[in-house]
Visitor: 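A single structure is presented below for examination.
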Amino acid sequence: MSFEYPKIVVKPPGPKAKELIEREKKVVSQGLGVKLFPVVPERGYGALIEDVDGNVFIDFLAGAAAASTGYAHPKLVKEVQEQVKKIQHSMIGYTYSKRAIEVAEILAEKAPIRDAKILFGLSGSDAMDLTMKIARFATRKPWFIAFIGAYHGQTYGATSIAAFQSSQKRGFSPMVPNVVWVPYPNPYRNPWGINGYENPADLINAFLDYLEHYVLAHVVPPDEVSVLIAEPIQGDGGIVVPPKNFFSELKGVLEEHGILLAMDEVQTGIGRTGKWFASEHFEVEPDFIAFGKGVASGMGLSGVIGKAKLMDMTSGSALLTPAANPVISAAAYATLKIIEEEKILENVNKVGEFIRKRLHEMMERYEVIGDVRGMGLMNGVEIIKSNGAPDPELTGKICWRAFELGLILPSYGMFGNVIRITPPLVITKEQAEKGLEIMEQALKDALAGKVVHRTVTWH
């Protein structure tokens with residue numbers, strides 16, 4: 001099955017989509033999510049989505065970077081269908097699951113952690129809760145260090161360590177205590193005013209100086225810190241890629257103080273950046289890696305990979321009834337096999353390099369593009385005003401016009417001015433090229449004042 005793409009048969013959102021959107025408003029709390037687009041998917045194929053009105057979109061979102069193998073991959077469909085016919089649930093907290101064991105073995109093999117063990121969850125959010133519990137239990141230390149700009153999820157623990165948008169904490173206090181935040185070493189926009197692309201060592205040193213001589217010296221006793229939690233590339237914060245040596249140098253400082261390092265790879269893991277885990281790009285071995293999103297192509301599996309000596313908790317203290325159930329484990333097994341057997345990482349690197357090359361060419365032509373950054377199929381484009389300030393208004397208009405032209409192109413970032421390009425890992429170069437053509441046309445139309453609406457993003 002294949003689609004003509006993009007194909008707009010009725011200006012989106014069409015009548016069927018509008019009707020469903022109104023129905024949802026009556027019965028679903030807005031707390032469910034930030035509705036980036038008025039799109040109601042009906043079916044998908046690869047990196048394409050068809051909505052309920054028959055419009056076909058190129059998908060640069062992949063359901064929050066989760067649909068790693070795209071939509072309706074025949075191998076995944078076959079594995080899931082065959083498994084659900086056998087047995088749909090067995091609770092791994094009380095019994096054993098062949099499927100879950102197979103997935104754990106593959107993840108332990110692929111992760112850049114020696115002698116690893118796995119705990120399973122349902123979403124990236126509870127994977128972060130598990131990370132917090134494991135770190136405290138293993139060290140008996142109460143404090144966490146996390147980064148400003150980090151999005152870790154929406155459970156109480158994940159919300160407590162996140163510092164993406166302050167609105168996400170409004171009305172929910174008291175949060176989990178004993179968290180301190182530090183600035184992320186963003187080469188393009190950081191508190192020290194350092195150009196981290198030209199002077200990466202200066203940016204790293206400025207951060208380490210702040211951590212050691214301010215935070216650990218005056219804010220929190222280092223011997224009471226269990227773990228520093230970081231995204232190797234900040235995702236919702238705006239696809240922020242730190243200097244290459246940052247995490248290896250940071251790990252050295254943490255080890256001096258007996259502080260563990262946990263990488264939140266919910267978005268960056270399972271091939272998104274062109275390696276199985278983004279930590280590999282930075283040549284660092286974390287103590288923990290949280291995973292989720294793409295591991296089961298978005299079907300609801302997450303967990304923590306950690307050094308075995310740190311992973312032995314009280315029996316049942318990380319038990320979640322539906323975690324790694326046979327059907328979801330089948331989806332994860334299929335996903336991992338597809339990535340390996342179909343050489344998906346090669347595609348990620350090839351298409352990702354093409355996307356960044358094309359984006360850099362656009363940056364030379366349009367002054368409103370302030371920065372292009374990313375790895376693999378995790379890329380961001382920062383849209384700015386003439387004075388260099390973030391321009392969320394123009395960003396939203398570009399993304400809305402792209403949507404009208406048949407491209408799902410989300411915006412986000414700490415200041416709402418970053419265009420996010422995280423398509424399914426199976427996207428072809430031809431599909432990516434067409435999507436970028438639409439994005440450029442949308443940019444031209446927005447600059448020409450032809451776009452009235454804008455997409456909504458986090459606020």
Side-chain angles (χ1 to χ4, degrees), residues 34 36-37 60-61 147-151 162-170 181-200 202-204 206-207 210 231 233-243 246 355-356 358-374 378-403 407 409-422 436 439-459:
V34 180
L36 302 178
F37 297 96
F60 273 12
L61 175 59
F147 282 98
I148 297 169
Y151 176 82
F164 169 50
Q165 297 290 349
S166 60
S167 63
Q168 298 304 297
K169 296 180 181 179
R170 183 176 290 119
W181 292 271
V182 291
Y184 199 79
N186 181 340
Y188 182 71
R189 197 182 290 277
N190 59 73
W192 301 283
I194 296 170
N195 185 326
Y197 295 126
E198 294 182 1
N199 304 295
D202 290 351
L203 180 57
I204 294 171
F207 172 83
Y210 180 82
E231 296 164 278
I233 298 172
Q234 283 200 332
D236 288 41
I239 315 291
V240 182
V241 184
F246 172 66
I355 288 172
R356 283 186 298 282
R358 181 84 166 78
L359 292 173
H360 277 108
E361 290 169 357
M362 289 170 61
M363 185 166 69
E364 292 179 7
R365 292 196 293 273
Y366 303 98
E367 292 183 358
V368 296
I369 298 179
D371 194 28
V372 169
R373 53 195 181 236
M378 185 175 182
N379 296 287
V381 180
E382 183 149 343
I383 304 299
I384 59 171
K385 298 177 181 178
S386 57
N387 63 359
D391 195 341
E393 180 81 19
L394 179 60
T395 308
K397 288 182 175 180
I398 294 167
C399 294
W400 181 270
R401 181 61 178 144
F403 167 64
L407 173 67
L409 185 70
S411 62
Y412 67 170
M414 286 181 67
F415 310 103
N417 71 314
V418 177
I419 294 173
R420 170 185 189 173
I421 302 176
T422 56
L436 293 170
M439 175 182 156
E440 184 167 10
Q441 184 60 54
L443 172 58
K444 290 178 182 177
D445 290 349
L447 289 172
K450 297 179 181 179
V451 186
V452 177
H453 297 289
R454 55 178 289 201
T455 53
V456 178
T457 188
W458 293 87
H459 51 82

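Model, not experiment: these values are computed from the prediction.
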Visitor: Minimum heavy-atom separation for Gly374 to Asn379, with atom names?
Guide: CA-OD1, 3.5 Å
Visitor: Restricting to side-chain hydrogen bond (donor to acceptor under 3.5 Å, both in side chains), what partner residues turn up for Thr457, sequence neighbours left out?
Guide: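 In terms of side-chain hydrogen bond (donor to acceptor under 3.5 Å, both in side chains), with neighbours along the sequence ignored, Thr457 is linked to no residue.
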Visitor: Give, for atom NZ of Lys397 and atom OG of Ser411, the distance between the pair rounded to the nearest 0.5 Å.
Guide: 13.0 Å
Visitor: What is the minimum heavy-atom distance between Cys399 and Thr455, and which atoms define it?
Guide: CB-OG1, 3.5 Å
Visitor: Would you name the heavy atoms of Ala442 and Ala402 that are closest together and state the gap between them?
Guide: CB-N, 3.6 Å
Visitor: Do Arg420 side-chain atoms and Leu61 backbone N/O form a donor-acceptor pair below 3.5 Å?
Guide: no
Visitor: So how far is it from Lys444 NZ to Ile398 CD1, rounded to the nearest 0.5 Å?
Guide: 13.0 Å
Visitor: What pair of heavy atoms forms the shortest contact from Leu36 to Val456, and how long is it?
Guide: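 Looking at all heavy atoms of both residues, the closest pair is CD2-O, 3.3 Å.
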Visitor: Using a 6.0 Å cut-off, check whether atom CD of Glu367 has over 12 heavy atoms from anything other than its own residue.
Guide: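 Open: at most 12 neighbouring heavy atoms sit under 6.0 Å from CD of Glu367.
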Visitor: Please identify which of these residues, Ile419, Ile384, Leu443, Leu359, meets the side-chain contact (heavy atoms from CB on, under 4.5 Å) condition with Ile369.
Guide: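 So the option named by the test is Leu443.
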Visitor: Between CD of Gln441 and NZ of Lys450, what distance do you get to the nearest 0.5 Å?
Guide: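 One gets 7.0 Å once the value is rounded to the nearest 0.5 Å.
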Visitor: Nearest 0.5 Å, what's the CE-CD1 distance between Met414 and Ile148?
Guide: 7.0 Å
Visitor: Decide yes or no for Phe60 and Leu436: does some side-chain heavy atom of the first lie under 4.5 Å from some side-chain heavy atom of the second?
Guide: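 Touching, per the 4.5 Å side-chain cut-off.
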Visitor: Within the side chain of Lys169, is there an N or O that forms a donor-acceptor pair under 3.5 Å with the backbone of Ala163?
Guide: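 Not confirmed, Lys169 side chain does not pair with Ala163 backbone.
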Visitor: Starting from the C-alpha separation in whole Å, work towards a yes-or-no answer on side chain to side chain contact (heavy atoms under 4.5 Å, CB included) for Asp371 and Arg189.
Guide: CA-CA 10 Å; Asp371 194 28; Arg189 197 182 290 277; over 6 Å; no
Visitor: Checking Tyr184 side chain against Glu231 main chain: does a donor-acceptor pair fall under 3.5 Å?
Guide: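 Yes: the side chain of Tyr184 pairs with the backbone of Glu231.
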Visitor: How close do Val418 and Gly380 get, counting heavy atoms only, and between which atoms?
Guide: CG1-CA, 4.0 Å
Visitor: Check for a donor-acceptor pair, side chain of Asn417 on one end and backbone N or O of Glu382 on the other, with a separation under 3.5 Å.
Guide: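 Not at all, since once roles are kept as given, no pair shorter than 3.5 Å links the two residues.
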Visitor: Look up atom CZ in Arg373 and atom NE2 in His360, then write down how far apart they are to the nearest 0.5 Å.
Guide: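 The NE2 atom of His360 is 10.5 Å from CZ of Arg373, to the nearest 0.5 Å.
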Visitor: Any non-hydrogen side-chain atom of Pro243 less than 4.5 Å from a side-chain atom of Pro187?
Guide: yes
Visitor: Among Ile383, Val381, Leu409, which one satisfies side-chain contact (heavy atoms from CB on, under 4.5 Å) with Thr395?
Guide: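 Exactly one candidate clears the test, Ile383.
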Visitor: Any side-chain heavy atom of Phe207 sitting closer than 4.5 Å to one from Asn190?
Guide: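 Side chain of Phe207 against side chain of Asn190, heavy atoms only: no contact under 4.5 Å found.
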Visitor: Find out whether Gln168 and Trp458 are in side-chain contact, i.e. whether some heavy atom of one side chain is under 4.5 Å from a heavy atom of the other.
Guide: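 Gln168 reaches Trp458 side chain to side chain.
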Visitor: Should the pair Phe147 and Phe246 be assigned to parallel (<30°), tilted (30 to 60°) or perpendicular (>60°) ring geometry?
Guide: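 Judged by the thresholds at 30° and 60°, the geometry between Phe147 and Phe246 is perpendicular.
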Visitor: How many angstroms lie between atom CZ of Arg401 and atom CG of Leu407, to the nearest 0.5 angstrom?
Guide: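 Rounded to the nearest 0.5 Å, the CZ-CG separation comes out at 12.0 Å.
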Visitor: Report yes if some heavy atom in the side chain of Tyr151 is under 4.5 Å from a heavy atom in the side chain of Gln165; otherwise report no.
Guide: no
Visitor: What I'd like to find out is whether the side chain of Tyr412 reaches to under 4.5 Å of the side chain of Val34, using heavy atoms alone.
Guide: no
Visitor: Please find the pair of heavy atoms, one from Gln234 and one from Ala150, that lie closest to each other, and give the distance.
Guide: NE2-N, 3.4 Å
